[in-house]
Amino acid sequence: MSIYFHEQLYRTPEVMGKLQGFPVTICGAGALGANLTESLARSGLQRLMVIDLDRIEERNLSTQPYYRSDIGAFKAQILANSLYRAVGIKVDIQTKELTAQNANKLIGNKTGLVIDTFDNSGSRKAVADCCATQKIPCLHVGLATDYAEIIWNEIYRIPSPVQDDICDYPLARNLVTLTVAVACEVIIEFAIAQVRSSYTVTLGDFAIKPFIA
């Protein structure tokens with residue numbers, strides 16, 4: 001029985017074939033990036049690359065798919081190991097800090113889509129600028145407290161480093177998983193039909209709304 005048996009029944013074999021060969025680069029392996037990578041891999045996407053320099057900390061364990069035994073290890077490496085054991089795919093990883101100086105080299109030009117899940121404005125800007133210059137489709141996924149957004153690069157506002165670069169904010173796991181579910185479906189929609197949809201998500205009222213620039 002196929003690992004993707006249920007997904008294939010829902011999507012059709014034709015769609016699953018498109019997803020299998022569609023290359024996606026995920027920037028960040030934290031709460032959003034790690035869970036999104038796992039969701040994409042379990043949904044049938046098999047050409048995934050993850051860029052992240054961070055190591056696993058104890059405070060990551062409630063919102064990220066890591067274990068206490070993983071503390072201190074590179075997030076990207078543990079994520080790749082886990083998904084190989086789970087579904088047999090080999091995730092390409094870069095355990096490096098993405099900057100304006102190396103973004104072009106790390107992201108390259110062979111990906112079909114870049115997903116930005118970084119938690120700082122400098123890295124987000126580097127991804128946005130690189131993708132704009134190289135004309136690579138790019139989707140930004142971000143959250144804070146009880147709000148999240150999934151927005152395409154063309155209409156994305158890079159957050160201010162003064163007001164928006166706050167990592168120690170309140171965060172509910174349910175907001176993470178809800179955001180990841182919406183983002184994953186947006187990515188699948190793009191992979192199979194090149195449709196670009198942007199959304200906002202609020203946890204308090206369970207509202208998923210189209211983003212209007």
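Just so it is clear, the model here is predicted, and its values are computed rather than measured. For reference, positions follow the sequence shown, starting with 1.
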Chemist: Out of curiosity, Arg157 CZ to Ile151 CD1, how far, rounded to the nearest 0.5 Å?
Modeler: 8.5 Å

Chemist: As an exercise, state the distance from CD of Glu7 to OG1 of Thr12, rounded to the nearest 0.5 Å.
Modeler: 10.5 Å

Chemist: Do Ser2 and Gln8 have side-chain atoms, one donor and one acceptor, less than 3.5 Å apart?
Modeler: no

Chemist: Which donor-acceptor pairs under 3.5 Å do side chains of residues 26-38 form with protein atoms, sequence neighbours excluded?
Modeler:
| unit_1 | atom_1 | unit_2 | atom_2 | d |
| --- | --- | --- | --- | --- |
| Asn35 | ND2 | Ala31 | O | 2.6 |
| Asn35 | ND2 | Thr63 | O | 2.8 |
| Thr37 | OG1 | Gly33 | O | 2.7 |
| Glu38 | OE2 | Arg42 | NE | 3.3 |
| Glu38 | OE2 | Arg42 | NH2 | 3.4 |

Chemist: Could you tell me which residues satisfy salt bridge (Lys or Arg N to Asp or Glu O under 4.0 Å) with Arg173, sequence neighbours excluded, listed by chain and number?
Modeler: none

Chemist: Looking at Lys110 and Arg47, what are the two nearest heavy atoms and their distance?
Modeler: O-NH2, 4.5 Å

Chemist: What are the two closest non-hydrogen atoms of Leu106 and Glu97, and how far apart are they?
Modeler: CD1-O, 4.0 Å

Chemist: As an exercise, state the distance from CD1 of Ile208 to CG of Leu178, rounded to the nearest 0.5 Å.
Modeler: 4.5 Å

Chemist: Kindly write out the residues that satisfy side-chain hydrogen bond (donor to acceptor under 3.5 Å, both in side chains) with Thr25, not counting sequence neighbours, or none if the list is empty.
Modeler: Thr111

Chemist: With a sphere of 6.0 Å drawn around CD of Gln194, does it hold more than 12 non-hydrogen atoms of other residues, nucleotides or ligands?
Modeler: yes

Chemist: Enumerate donor-acceptor pairs with a distance under 3.5 Å from any side-chain N or O in residues 68-79 to protein atoms, sequence neighbours excluded.
Modeler:
| unit_1 | atom_1 | unit_2 | atom_2 | d |
| --- | --- | --- | --- | --- |
| Asp70 | OD2 | Tyr67 | N | 2.9 |
| Lys75 | NZ | Gln64 | OE1 | 3.2 |
| Gln77 | NE2 | Asn81 | OD1 | 3.0 |

Chemist: Might you point out which heavy atoms bring Ala183 and Val141 nearest each other, and give the distance in Å?
Modeler: CB-CG2, 4.1 Å

Chemist: Out of curiosity, Ile187 CD1 to Ser197 OG, how far, rounded to the nearest 0.5 Å?
Modeler: 12.0 Å

Chemist: For Gly44 and Met16, which heavy atoms make the closest approach, and how far apart are they?
Modeler: CA-CE, 3.9 Å

Chemist: Could you check if a side-chain atom of Tyr66 sits within less than 4.5 angstrom of a side-chain atom of Ser82, using non-hydrogen atoms only?
Modeler: no

Chemist: If the condition is salt bridge (Lys or Arg N to Asp or Glu O under 4.0 Å), which residues does Arg55 pass it with, not counting sequence neighbours?
Modeler: none

Chemist: Treating Asn120 as the side-chain partner and Ser123 as the backbone partner, does any N or O pair qualify as donor plus acceptor under 3.5 Å?
Modeler: yes

Chemist: What's the shortest heavy-atom distance between Ala148 and Leu175, and which atoms?
Modeler: CB-CD1, 4.2 Å

Chemist: To the nearest 0.5 angstrom, please state how far the CG atom of Leu83 sits from the CG atom of Leu40.
Modeler: 10.0 Å

Chemist: Flag the pair Phe22 / Phe190 as yes when at least one side-chain heavy-atom distance between them is below 4.5 Å, and no otherwise.
Modeler: yes

Chemist: By side-chain hydrogen bond (donor to acceptor under 3.5 Å, both in side chains), which residues pair with Glu149, not counting sequence neighbours?
Modeler: Tyr147

Chemist: Counting distance only, does the side-chain N/O of Asp116 pair as donor-acceptor with the main-chain N or O of Phe118 below 3.5 Å?
Modeler: yes

Chemist: Please name the pair of heavy atoms, one in Ser39 and one in Cys184, separated by the smallest distance, quoted to 0.1 Å.
Modeler: OG-SG, 3.4 Å

